[in-house]
Protein chains: 2
Amino acid sequence: MSRGFKQDLFNQFARVGKALSNGNRLELLEFLAQGERSVEALAGVSGLTVANTSQHLQQLRQAGLVASRKQGLKVFYRLSSNDVISLMDSLRKVAEHHLADVEHLVNTYLTVKDKLEPIAREELIERVKDDLVTVIDVRPAEEYAAGHVPGAVNVPIRELEAYLQQIEPGQEIVAYCRGPHCVLAFDAVAVMRDKGINARRLEDGYPEWKNAGLPVEVDSDE
Amino acid sequence: MSRGFKQDLFNQFARVGKALSNGNRLELLEFLAQGERSVEALAGVSGLTVANTSQHLQQLRQAGLVASRKQGLKVFYRLSSNDVISLMDSLRKVAEHHLADVEHLVNTYLTVKDKLEPIAREELIERVKDDLVTVIDVRPAEEYAAGHVPGAVNVPIRELEAYLQQIEPGQEIVAYCRGPHCVLAFDAVAVMRDKGINARRLEDGYPEWKNAGLPVEVDSDE
DNA sequence: CTAGTATTCAAGTACTCTATTGAATAGTTT
DNA sequence: AAACTATTCAATAGAGTACTTGAATACTAG
């Protein structure tokens with residue numbers, strides 16, 4: 001009995017592992033870490049067909065990672081709890097530490113990585129309090145509206161150049177987006193440094209900020 | 001480029017998820033959480049053939065979860081870092097919270113669960129300091145020898161009855177084994193309660209204790 | 001009630017994973 | 001060198017997974 005029990009139990013845990021065993025599902029989870037999304041929206045950002053997205057979402061639900069809610073025609077999915085964010089973080093940490101390929105990828109795509117030293121959440125909070133930095137949220141407007149770091153200005157990548165015209169010279173800028181590997185913030189910092197602006201990125205993104213229990217601001221007209 | 005990068009990155013993370021997507025591999029990881037083990041030993045405890053075990057271990061290695069070392073004829077595998085234990089913990093936590101089946105399983109096999117309130121590590125440390133409890137390690141002798149909670153007595157399940165003859169009545173006993181779902185400790189507590197002994201189990205097991213940075217004792221003659 | 005929309009279901013194909021088997025390799029002992 | 005042992009490799013059958021396509025469902029708006 002004891003053997004059967006353990007076997008059964010590990011098989012249950014493996015169901016969660018299975019859900020995490022596909023890159024597309026992990027991408028869906030990352031988007032869901034920012035808040036509720038419809039199937040259509042998720043299909044859009046992931047580049048999958050709607051039917052395929054729906055099937056992946058159902059697998060995630062069966063593994064207990066996401067939950068859904070129907071409103072009118074649309075079905076909205078969300079992470080079933082913050083434990084899922086912690087799990088994703090653990091996964092990322094292990095992958096980063098132990099998969100040489102991940103490091104290689106990051107170095108290939110983000111060549112100036114070393115020069116973009118990230119700023120920690122705690123340090124950012126201090127510097128914002130002392131009014132030393134401007135925080136910009138480089139995600140698309142709709143993601144920003146669904147929740148963002150208090151006081152952050154929404155500057156989607158396309159609007160970055162225009163935005164930079166109007167800032168005071170010498171002002172330090174911190175950019176963040178969807179998470180520690182979201183390229184938007186890397187890109188933004190690279191652009192700003194190019195122009196001689198003192199820019200850094202937050203070490204991780206909005207989902208982690210929210211998950212850490214820090215205050216968030218929501219635009220209620222969404 | 002940004003899309004390709006993200007896709008690639010998530011596929012790398014998915015490699016780790018894949019490694020966690022099979023119950024046998026999770027069982028192997030749990031054993032490895034206790035320390036280095038040879039392929040043969042791992043095949044023994046998991047009930048798999050040696051060839052099959054070897055192949056699973058290679059998958060775990062490719063995912064960066066385990067590392068190996070050759071000594072003479074034998075190859076010893078170990079977890080590649082403590083991050084892996086944290087990852088397993090996250091996985092367990094999510095599975096427990098969100099999979100109804102896990103709860104069902106635990107309740108089916110461990111019917112007296114509610115009566116076996118676990119004791120937390122911190123509380124145990126206090127009570128040991130005040131000499132209020134005896135700690136017993138119900139794992140097999142070889143696992144105990146490889147590392148155990150300081151001051152714990154090794155009482156493999158088969159020797160439990162004999163051991164209980166010689167304890168003072170009224171003494172409180174805390175049992176632990178391999179982790180929060182290791183049935184050995186549940187069984188031991190059930191047996192002792194049957195005999196009217198004041199027994200509880202530690203909320204988790206040796207791997208978690210060690211991982212929490214608490215002191216451990218090793219029998220050097222192993 | 002009809003037309004339209006968001007999502008899910010069902011079936012099919014190509015692909016991948018698991019466990020088994022027997023052979024190959026690398027190291028030890030005699 | 002020959003016999004032996006622990007592990008790995010290679011090939012295979014069977015089960016499971018991913019993505020596509022087209023139809024079905026469930027809800028809304030007219």
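Just so it is clear, the values below take in all heavy atoms, side chains as well, and ignore hydrogens, waters and symmetry mates. Note on naming: letters A, B, ... go to the chains in the order of the sequence lines (proteins, then strands), and numbering restarts at 1 for each one.
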| note | In whole angstroms, the gap separating C1' of D/dG16 from CZ of A/Arg15 amounts to 15 Å

| request: Could you tell me the separation between the CG atom of A/Leu73 and the C1' atom of D/dT28, rounded to a whole number of Å? | output: 5 Å

| query | With under 30° as parallel and over 60° as perpendicular, where do the rings of B/His148 and B/Tyr144 fit, or are they tilted in between? | reply | parallel

| Do A/Gln59 and A/Arg25 have side-chain atoms, one donor and one acceptor, less than 3.5 Å apart? | yes

| task | For the helix from C/dC1-D/dG30 to C/dT30-D/dA1, figure out the bend between the end axes, five pairs an end, and round to 10 degrees. | result | 30°

| message | Can you see whether A/Arg78 engages A/Ser68 through a side-chain donor-acceptor pair at a distance of less than 3.5 angstrom? | response | no

| message | Whether A/Glu30 and A/Arg92 form a salt bridge (side-chain N of Lys/Arg under 4.0 Å from carboxylate O of Asp/Glu) is what I want to check. | response | yes

| message | Any salt bridge linking B/Arg69 with B/Glu36? Criterion: basic side-chain nitrogen under 4.0 Å from a carboxylate oxygen. | response | yes

| query | Cut-off 3.5 Å, side chains only: do A/Tyr176 and A/Asp137 have a donor facing an acceptor? | reply | yes

| request: Could you tell me whether the side chain of B/Ser54 and the main chain of B/Val50 form a donor-acceptor pair under 3.5 Å? | output: no

| message | Can you see whether B/Ser90 engages A/Ser90 through a side-chain donor-acceptor pair at a distance of less than 3.5 angstrom? | response | yes

| remark: Taken to the nearest whole Å, NZ/A/Lys18 to P/D/dA18 is 10 Å

| Is there a donor in the side chain of B/Gln58 and an acceptor in the side chain of B/Arg61, or the other way round, less than 3.5 Å apart? | no

| request: Anything under 4.0 Å to a heavy atom of chain B counts; send over the first and last such nucleotide of DNA chain C, read 5' to 3'. | output: C/dC17 to C/dT28

| query | How do A/Tyr77 and B/Gly72 order along DNA chain C: which one's closest nucleotide is nearer the 5' end? | reply | A/Tyr77

| task | List in numerical order all residues of residues 54-71 of chain A for which some heavy atom is under 4.0 Å away from an atom belonging to DNA chain D. | result | A/Gln55, A/His56, A/Gln59, A/Lys70

| query | Are side-chain heavy atoms of B/Thr53 and B/Glu40 found at a separation under 4.5 Å? | reply | no

| task | Might you work through the salt bridge (Lys or Arg N to Asp or Glu O under 4.0 Å) test for B/Glu143 and B/Arg178, ending with a clear yes or no? | result | CA-CA 9 Å; B/Glu143 296 182 16; B/Arg178 296 167 182 146; 2.8 Å; yes

| field | Distance in angstrom units between A/Leu28 CG and D/dC19 P, rounded | value | 10 Å

| Looking only at side-chain N and O atoms, does A/Asn52 come under 4.0 Å of OP1 or OP2 in D/dT21? | no

| message | Applying a 4.0 Å non-hydrogen cut-off, can you work out what A/Ser21 is touching in the nucleic acid: base, sugar-phosphate, or nothing? | response | nothing

